[in-house]
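Scroll down for the structure; my scribbles are underneath it.
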Protein chains: 2
Amino acid sequence: MNLKELAKLLELSPTTVSRALNGYPEVNANTRERVTAAARKYGYAPNQVAKRLATGRSHTIGHVIPISGHQMINPIFAEFMAGAGEVYSTRSYDSILSVVPETEEADAYRTLVANRKVDGVIVHGPHINDYRIDLLQELGLPFVVHGRDTRPESEYSWLDMNNRRAFLRATDFLLDLGHRRIALLNGIETHNFAARRHQGYQDALTRRGVPYDPALVFAADMVEPLGYDSTRKMLADDNPPTAIITSSIMVALGVLRATGELGLHSGRDISIITHDDDLSYLPNGGAVPLFTATRSSVRGAGRRCAEMLMDIIESADRSPQHELWEADLTVGRSTGPCPEGLKYG
Amino acid sequence: MNLKELAKLLELSPTTVSRALNGYPEVNANTRERVTAAARKYGYAPNQVAKRLATGRSHTIGHVIPISGHQMINPIFAEFMAGAGEVYSTRSYDSILSVVPETEEADAYRTLVANRKVDGVIVHGPHINDYRIDLLQELGLPFVVHGRDTRPESEYSWLDMNNRRAFLRATDFLLDLGHRRIALLNGIETHNFAARRHQGYQDALTRRGVPYDPALVFAADMVEPLGYDSTRKMLADDNPPTAIITSSIMVALGVLRATGELGLHSGRDISIITHDDDLSYLPNGGAVPLFTATRSSVRGAGRRCAEMLMDIIESADRSPQHELWEADLTVGRSTGPCPEGLKYG
DNA sequence: GGAGGCCTCCAAAGCGCTTTGGATGGTTGC
DNA sequence: GCAACCATCCAAAGCGCTTTGGAGGCCTCC
């Protein structure tokens with residue numbers, strides 16, 4: 001069943017049927033009624049491809065996922081998509097996913113534009129100074145960045161968590177408990193979020209006049225072994241940390257594995273705070289959560305980014321929008337006062 | 001730059017240009033040369049939407065991701081998509097992602113078909129008797145299942161790992177090491193893969209005449225706390241297991257956390273074998289991997305499923321294709337002989 | 001030398017929708 | 001009573017590609 005057939009059945013022109021269905025004003029209320037009823041009855045659904053060709057709008061959002069040299073795919077991404085996807089389907093948008101080698105990422109955006117495949121894109125994991133933002137502005141493709149880079153924030157649309165403040169608060173929390181040797185297991189610091197987290201950590205130390213020790217800071221892919229290896233390493237040194245801040249639960253689990261092997265109890269012998277993206281397969285809940293954590297829902301961010309982008313696409317005014325989310329600091333079982341003997345370690 | 005403009009520049013008809021670019025035989029070799037050169041020079045890329053409308057083919061693969069009641073999104077999915085996505089981009093297919101509530105999954109497939117949005121779909125995580133296979137056959141949409149359900153295997157296309165054999169081998173391996181109390185931490189057993197794993201485990205026990213103890217079998221979402229909680233529970237009972245088989249590294253990490261807290265060394269006091277989907281963010285490598293594991297690459301499965309589906313779509317003959325992959329059994333540090341005192345526990 | 005065949009190329013008709021630019025007929029205002 | 005004006009509807013021209021059904025020219029073969 002297509003438009004023409006439906007029109008014939010109704011003894012109307014395709015024009016009128018199209019307008020009736022798309023809510024244009026120049027059609028009689030009764031006619032519109034008849035048309036919508038018939039459409040429902042015969043199960044008419046407009047061919048999206050034809051619609052796209054005619055309107056030039058694709059009703060599709062693009063997500064370009066680079067596969068980096070180390071072949072690591074960001075586990076956070078699936079959760080983000082779960083959130084964004086919910087919103088897409090309620091507003092009947094599609095999303096297309098381009099998984100490409102990092103080196104071909106720019107090309108991927110260009111073809112997306114050249115082939116008019118998408119009305120807009122979401123940019124994931126921005127780097128310190130991210131060329132993709134320039135590229136997209138140049139291409140004139142609407143976009144929302146999940147995160148920020150370093151340019152003036154008013155120049156583009158983004159949604160970010162306050163990474164600096166979250167890690168400042170986490171560090172402060174540990175300082176309040178008497179810890180002075182606090183390690184940071186961070187993500188790769190060319191990613192802007194990681195750089196900001198580092199900043200927050202460092203700011204907190206500086207404010208209290210606690211010396212910054214580079215030997216306590218690690219930055220790498222946020223996988224479990226990062227937590228395990230760096231913890232084993234630090235705890236084998238003299239003057240080890242009494243507290244560890246990690247950038248993801250995965251890393252925190254690695255820390256726990258290392259401390260477990262050494263017979264240390266987290267929350268007593270050593271304190272751990274992790275950032276928690278609230279991933280569905282890494283729960284940190286219960287009456288008293290396993291980890292004390294700064295928490296911000298990535299799925300929620302996905303939902304909101306999708307909404308922002310669709311709003312931008314659909315509105316005439318394309319002025320940038322921003323949202324800065326604060327993370328919760330929730331107390332769990334993994335933190336406690338600094339052990340007396342180690343207090344000024 | 002569109003076809004017509006390019007044709008004008010070349011002083012050729014759109015017909016000929018189109019044919020030259022799409023490799024039809026009825027065009028002179030020199031002409032074809034000229035056309036492709038010009039296309040490259042002017043950066044001409046055919047409008048995919050127009051192409052789709054004209055051909056009726058969408059060059060797009062669909063992935064419908066149900067969000068289940070527990071709001072858990074399958075972490076394996078991202079990795080699968082990384083593999084599939086690689087292949088899509090090299091063969092210049094797109095993939096669209098529909099994230100929908102579980103209850104609306106059938107509708108999602110129907111609209112995909114009604115709107116001719118995809119040429120085929122990949123079905124993820126099939127259940128014991130999966131209605132989606134019936135639905136897709138009824139809708140006449142080409143599809144490949146990642147996994148199998150319980151119907152005759154010749155009736156549809158699938159790629160699966162030999163879950164039964166993998167878990168049979170894992171169980172055998174532990175039995176060979178003298179273990180007799182072997183626990184299984186499985187996924188939800190309405191998923192076919194989990195049911196088959198259970199089967200393999202049970203078959204191995206039966207063959208050796210080792211009694212099957214339901215108290216040693218858990219089935220739930222494969223998250224870290226499943227490993228932790230069930231291990232704590234089992235080890236608190238009298239007659240605890242001396243070995244544990246888990247369905248994912250995430251669960252195995254939970255086991256390790258529990259045993260770590262109890263001061264048990266894996267590979268000595270307790271043995272652990274896990275299935276390893278070879279997820280990029282859960283590495284289990286190194287000279288001697290942390291876990292002894294049955295391993296099969298989900299990313300590889302993604303690649304292959306995508307290829308199979310595209311082949312099916314592009315070939316005239318649509319007879320079902322199947323592939324059954326065997327998992328490797330790689331030995332790591334988490335297994336060892338059953339401690340003497342517990343040998344016939 | 002004319003029929004038949006092959007190699008190249010092209011005009012034009014779709015694919016299914018939107019949208020521009022009227023047409024039609026009934027109302028309104030003076 | 002006539003012009004101006006709505007409210008409704010429609011014909012037809014795209015959107016950018018593919019594909020059908022030739023057409024024209026040259027070669028071959030008897």
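Fair warning: this is a prediction, and the values are worked out from it, not measured in the lab. Letters A, B, ... mirror the listed sequences (proteins, then strands); counts begin at 1.
- Distance B:K8 NZ to D:dC17 C1': 16 Å, rounded to the nearest Å.
- Between A:S18 and C:dT18, a side-chain N or O to OP1/OP2 separation shorter than 4.0 Å is present.
- A side-chain donor from one of A:S13 and A:T16 sits under 3.5 Å from a side-chain acceptor of the other.
- Contact check, B:Y24 against C:dC7: no side-chain N or O comes under 4.0 Å of OP1 or OP2.
- Where B:P14 and A:L53 meet DNA chain C, the nucleotide closest to each residue was compared, and B:P14 sits on the side nearer the 5' end.
- Contact between the side-chain N/O atoms of B:N47 and the OP1/OP2 oxygens of D:dC17 is not found at any separation under 4.0 Å.
- Residue B:T15 places no side-chain atom within donor-acceptor reach of the base of D:dT18, judged by atom type and a 3.5 Å distance cut-off alone.
- Note: B:F80 and B:H124 have perpendicular aromatic rings, judged against thresholds of 30 and 60 degrees for the angle between ring planes.
- Residue A:Q48 contributes atom CD, which lies 9 Å from atom P of C:dC17 at whole-angstrom precision.
- B:N28 places its CG atom 9 Å from the C1' atom of C:dC7, with the value rounded to the nearest Å.
- A pairwise comparison of heavy atoms in A:R132 and A:P126 identifies NH2-CA, 3.5 Å as the closest pair.
- For the pair A:L12 CG and D:dA11 P, the computed distance is 11 Å after rounding to whole Å.
- In terms of phosphate contacts, B:T31 brings a side-chain nitrogen or oxygen within less than 4.0 Å of OP1 or OP2 of C:dC9.
- When rounded to the nearest whole Å, the span between CG of B:N30 and C1' of C:dC9 equals 14 Å.
- Between B:D311 and B:R91, at least one side-chain nitrogen of the basic residue sits less than 4.0 Å from a carboxylate oxygen of the acidic one, meeting the salt-bridge criterion.
- Spacing between atom OH of A:Y42 and atom P of C:dG16 amounts to 19 Å, rounded to whole angstrom units.
- For the OP1/OP2 pair of C:dC9 and a distance below 4.0 Å, the side-chain nitrogens and oxygens of B:T16 include no atom meeting the criterion.
- With respect to A:E5 and A:K8, no salt bridge is recorded, no charged nitrogen being found less than 4.0 Å from a carboxylate O.
- Protein atom CG of B:L3 is 14 Å distant from nucleotide atom P of C:dA11, rounded to whole Å.
- Per the geometry, CZ belonging to A:R57 stands 15 Å off C1' belonging to C:dC17, to the nearest Å.
- For B:Y44, a side-chain nitrogen or oxygen approaches OP1 or OP2 of D:dC17 to under 4.0 Å.
- Of the candidate nucleotides D:dC9, C:dG16, C:dT18, C:dG16 has the atom lying nearest to any side-chain atom of A:N2.
- Positionally, the nearest nucleotide of DNA chain D for B:V49 lies more toward the 5' end than for the other of B:R19 and B:V49.
- Taking only side-chain nitrogens and oxygens, A:S13 comes nearer than 4.0 Å to OP1 or OP2 of D:dC10.
- A:T55 comes within contact range of the sugar-phosphate backbone alone, with a heavy-atom separation under 4.0 Å but no base atom that close.
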